[in-house]
Asker: 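This is the structure I want to talk about, given as structure tokens.
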Amino acid sequence: MAFLVEKDGMTSFDVAEALGQDIKKQALVANVNGEAAELWRPLKAGDSVEILTFEDEEGRRAFRHTASHILAQAVLAVRPGTKLAIGPAIDNGFYYDFDSDEPFSPADLEVIEKEMQRIVKKNDRLERFEMPRAEAIQYMKDRNEPYKVELIQDLPEDAVISFYKQGDFVDLCAGPHLPSTGKVKALKLTQVAGAYWRGSEKNKMLQRIYGTAYPTKEALEDHLRRIEEAKQRDHRKLGRELDLFSLHEEGPGFPFFHPKGMVLRNQIEEYWRRIHRERGYHEIRTPIILSQALWEQSGHMGHYRDNMYSTIIDDAVYAIKPMNCPGGILVYKNAMHSYRDLPLRYAELGLVHRHELSGALHGLMRVRAFTQDDAHLYMTMDQVQEEIIGVIQLDRDIYETYGFKFTVELSTRPENSMGSDEDWEAATEALRQALLTVGMPFKINEGDGAFYGPKIDFHLEDSIGHTWQCGTIQLDFQMPERFELTYIGQDGKEHRPVMIHRTVLGSMERFIGILIEHFAGAFPPWLSPVQVKILTITERGDARAKQIAKTLFDGDFRAECDLRNEKVGFKIREAQMEKVPYMIVIGDKEIENGTIAVRSRKEGDLGVMPLEAFIEKLSEEVRTRAR
RNA sequence: GCCGGUGUAGCUCAGUUGGUAGAGCAGCUGAUUUGUAAUCAGCAGGUCGGGGGUCCGAGUCCCUUCACCGGCUCCA
């Protein structure tokens, strides 16, 4: 809530005070006339003031930013002579980059954290002061802080440079900050890592210390607990425990899919194929190895060479495809096309290989061989908007099936792009209109498109709030030109078609990784590698169990029997840990009555019912892809 | 690729100042025929990531290499 200041010389402190003890205690910074500012900054009559707490994004940022200053102060105390780089607040905490001859060890972190706590306890006030740019440069030169000097030199000539001071520590900073270090009640340094100065590998590698901070110990512990929980659903851990896939030293970045992982993958593909057929796509498959000449024509040799693998066949150079489009284009070019054939939608689950940096590999999320759920659409310019609408609707329907929330971004023309202004404008407008028509909220990323055309990205949010870019829709003016694609128009003449590249899931491998974490390995029945586990109590149930398994198999369900000589409690425990959606228990009573006892993974014992009733329930869940 | 960390049985981990590898779970064998999240007993399982070095002696120390983990960068 905003308040109007009545007279000059008041501060946000006074405003907070007027609002009561609770607010005063929680106040971190203020929003003054739409800009974040310290609580102690003098106000003028007529200013609009809003007090920000940890609940507000700006409040959190200031809180963590002050924490990062405390970190820098502590590091200078523990290791004098360390040069300061930058130290911003980030989503769940903060970091600070240092240039230090000796790297920081985990033991150093403990010492630094202790020093930070000492600074917090001292509860030093923060002060802000300003000076002109030239003076500021000299000031930081005198303090022997070359990175700060560089930062100031990048600011405009006429800029007034602000600094913040707490105790004997001074840092270049736009602010705002908390009134005193004592506000940062709970903090923890989480890790050290290398980071390049300004993110460029051409620059020196600095030492980055990450940490997080909260206003209370409880909130910090809560945060650490959430991290622990996220670890429990890490797809690499679950992938091993559920026996879905593995990775081996013999093929770094090349995942191996196990039987259960393949069932999951095949279910995803089956649904994908079905919905694509339904929306008028034709599936194709193109070779993995194609001649280098093709990649030169497509432009990949120029732009993407470093990420491509190649091989030699009969003395000629061939490349292993990093993308599916050139192959797909050869299919298009294989025949003449009439305007009557358009739009033409070719879909391909295409296996691509890309040489990613060894340090970037990460489970199924970042690999060197993956299957894109690709499609290339060819159309006339006036079909563009409708085609894009179709793709957006397809994306939405598929994501909703899996229970993902998602956000959409439209990226416009970047600086060094190819193609005419008119084409770019028309294409960008077509994307925008399509989004508006579908009623899809979206954000614009100015200048973030590909060099060959504008794009729409879909960012999925999984059940623990992580976001993943999966779907993309890209308009391409380049490929149709480079490959001289044509269709015969109504006028009998050749025309250039418009091409759209799109993926929905992005990569099958990564999507499976995302799904594992999204469902924490407890897949809904339609996706579960094993849908039903039939557990016998004694060997008297074996025949009945096998008979039930046969019935389920005939009904296209995935069932397994557990006939081992173990107690039923033990079998349930194992089935539960395997996250099988349904268990059927067969004992003497069920044999006698011709019924089954059903247990649900989620709800426990569901009681006794006829097999037919259970099959009907399961069929319905599979048919509707219930979650 | 770069910075830091880790690498011991299928999995999770122990292993004193260098003295010649150990537990639980999983596996196998046997007993037990069991009613909704762990029955008991026994057995087997490791050139301590690979290579090289120091030493009378290396899982422990050094060098090198590979993979993995956390970041940087990039992106599906």
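Everything numeric in this text was worked out from a predicted model, so none of it was measured.
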Asker: Start with the C-alpha gap between A:Tyr402 and A:His518, add the side-chain angles, then the distance that decides, and say whether ring pair (Phe, Tyr, Trp, His ring centres under 6.0 Å) holds.
Answerer: CA-CA 9 Å; A:Tyr402 292 100; A:His518 179 58; 8.3 Å; no
Asker: Looking only at side chains, do A:Ser100 and A:Lys83 share a donor and an acceptor under 3.5 Å apart?
Answerer: no
Asker: Hey, is the side chain of A:Gln207 poking within less than 4.0 Å of OP1 or OP2 on B:rC3, counting only N and O atoms?
Answerer: no
Asker: Is the gap between the ring centers of A:Tyr210 and A:Tyr96 under 6.0 Å?
Answerer: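 Ring-ring flag for A:Tyr210/A:Tyr96: false, centres at least 6.0 Å apart.
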Asker: Is A:Thr503 near enough to B:rA76 that one of its side-chain N or O atoms lies under 4.0 angstrom from OP1 or OP2?
Answerer: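 No, no such contact exists.
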Asker: Is there a donor N/O on one and an acceptor N/O on the other, under 3.5 Å, for the side chain of A:Tyr196 and the base of B:rG1?
Answerer: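 For A:Tyr196, whose side chain was compared with the base of B:rG1, there is a donor-acceptor pair (under 3.5 Å).
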Asker: Suppose you measure atom P in B:rA21 against the same atom in B:rG49; what distance do you get, rounded to whole Å?
Answerer: 15 Å
Asker: Kindly indicate whether the side chain of A:Arg366 and the base of B:rC74 share any N or O donor-acceptor pair separated by less than 3.5 Å?
Answerer: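 Under the 3.5 Å cut-off, the side chain and the base do form a donor-acceptor pair.
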Asker: Would you say the base of B:rG35 and the side-chain of A:Glu590 have a donor-acceptor pair closer than 3.5 Å?
Answerer: yes
Asker: Does A:Tyr582 have a side-chain nitrogen or oxygen under 4.0 Å from the phosphate oxygens OP1 or OP2 of B:rU36?
Answerer: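 So the side chain of A:Tyr582 is outside the cut-off, no N or O lying under 4.0 Å from OP1 or OP2 of B:rU36.
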Asker: Tell me the interatomic distance from A:Asn92, atom CG, to B:rG71, atom C1', rounded to whole angstroms.
Answerer: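 Distance, rounded to whole Å: 16 Å.
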Asker: Over how many whole Å does the gap from A:Glu578 atom CD to B:rC11 atom P extend?
Answerer: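 Spelled out: CD on A:Glu578 to P on B:rC11 is 18 Å.
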Asker: Could you give the CE-to-P distance, from A:Met365 to B:rA76, as a whole number of Å?
Answerer: 16 Å
Asker: B:rG71 C1' sits how many Å from A:Asp97 CG, rounded?
Answerer: 10 Å
Asker: Taking the P atom of each, how far is B:rG22 from B:rG30, in whole Å?
Answerer: 27 Å
Asker: Ring centroid separation for A:His65 and A:Phe94, is it under 6.0 angstrom?
Answerer: no
Asker: Taking donor-acceptor contacts at under 3.5 Å, does the side chain of A:Glu250 reach the base of B:rA67?
Answerer: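 Not at all, since no donor on one side and acceptor on the other fall under 3.5 Å apart.
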Asker: Does the structure show A:Phe370 stacking with B:rA76, if we require the centres to be closer than 5.5 Å and the planes to be within less than 30 degrees of parallel?
Answerer: yes
Asker: Could you tell me whether A:Tyr309 and A:His355 have their ring centroids closer than 6.0 angstrom?
Answerer: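 Yes - the distance between ring centres of A:Tyr309 and A:His355 falls below the 6.0 Å cut-off.
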Asker: So for A:Arg573 and B:rA38, does any side-chain atom that can act as donor or acceptor lie under 3.5 Å from a complementary atom in the base?
Answerer: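 Under the 3.5 Å cut-off, the side chain and the base do form a donor-acceptor pair.
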Asker: Write down the distance between OH (A:Tyr304) and P (B:rA76), rounded to a whole number of angstrom.
Answerer: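 To the nearest whole Å, that distance equals 7 Å.
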Asker: How would you label the contact of A:Leu361 with the nucleic acid (heavy atoms, under 4.0 Å): base, sugar-phosphate, or nothing?
Answerer: sugar-phosphate
Asker: Applying a 4.0 Å non-hydrogen cut-off, can you work out what A:Gly587 is touching in the nucleic acid: base, sugar-phosphate, or nothing?
Answerer: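 Touches a base.
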Asker: Taking 4.0 Å as the cut-off, does a side-chain nitrogen or oxygen of A:Arg240 come that near to OP1 or OP2 on B:rG10?
Answerer: no
Asker: Identify, between A:Thr472 and A:Phe570, the residue whose nearest nucleotide on RNA chain B lies closer to the 5' end.
Answerer: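 Upstream on the strand: A:Phe570.
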Asker: Name the nucleic acid region contacted by A:Gln469, choosing base, sugar-phosphate or nothing; use a 4.0 angstrom heavy-atom cut-off, strictly under.
Answerer: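 Contact class for A:Gln469: sugar-phosphate only.
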Asker: Whole Å only: how far is the CZ atom of A:Arg564 from the P atom of B:rU29?
Answerer: 13 Å
